[in-house]
Amino acid sequence: MAEDVKKRLGDYEILEELGGGAQGKIFKARCVVDCNPRSRLDEIVALKVVRRFGDDDKSEERFE
């Protein structure tokens with residue numbers, strides 16, 4: 001990722017992609033807000049972005 005291009009996902013700046021598979025992708029990210037209840041400002045975290053496979057009740061059940 002170019003230094004001058006910053007990608008964000010919610011309260012997080014995406015630093016790099018760590019991996020991925022059938023269910024989604026995992027990213028190394030940094031918290032960029034100080035009011036996030038899950039992370040501190042500048043804390044490095046791993047974020048998993050899950051792929052959505054369907055909109056029916058069975059798909060939601062399998063996800064949960």
(message) side-chain contact (heavy atoms from CB on, under 4.5 Å), that's the test. Do Ile44 and Lys28 meet it? Break it down for me.
(response) CA-CA 7 Å; Ile44 302 298; Lys28 179 178 179 182; 3.7 Å; yes
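- Considering SG of Cys31 and CG of Leu41, their distance stands at 6.0 Å, rounded to 0.5 Å.
- Taking every heavy atom of both residues into account, Ser39 and Val45 meet most closely at OG-CG1, 3.7 Å.
- Within the 4.5 Å cutoff, the side chain of Ile14 has no heavy atoms near those of the Glu16 side chain.
- Counting heavy atoms from C-beta on, the side chains of Leu15 and Phe27 never come closer than 4.5 Å.
- Considering CG of Leu9 and CG of Leu47, their distance stands at 6.0 Å, rounded to 0.5 Å.
- From Arg30, atom CZ reaches atom CZ of Arg40 across 13.5 Å, with rounding to the nearest 0.5 Å.
- At least one side-chain heavy atom of Tyr12 sits under 4.5 Å from a side-chain heavy atom of Arg38.
- Taking 4.5 Å as the limit, every side-chain heavy atom of Ile26 sits out of range of all side-chain heavy atoms of Glu17.
- Side chain of Arg51 to backbone of Lys25: no donor-acceptor contact under 3.5 angstrom is found.
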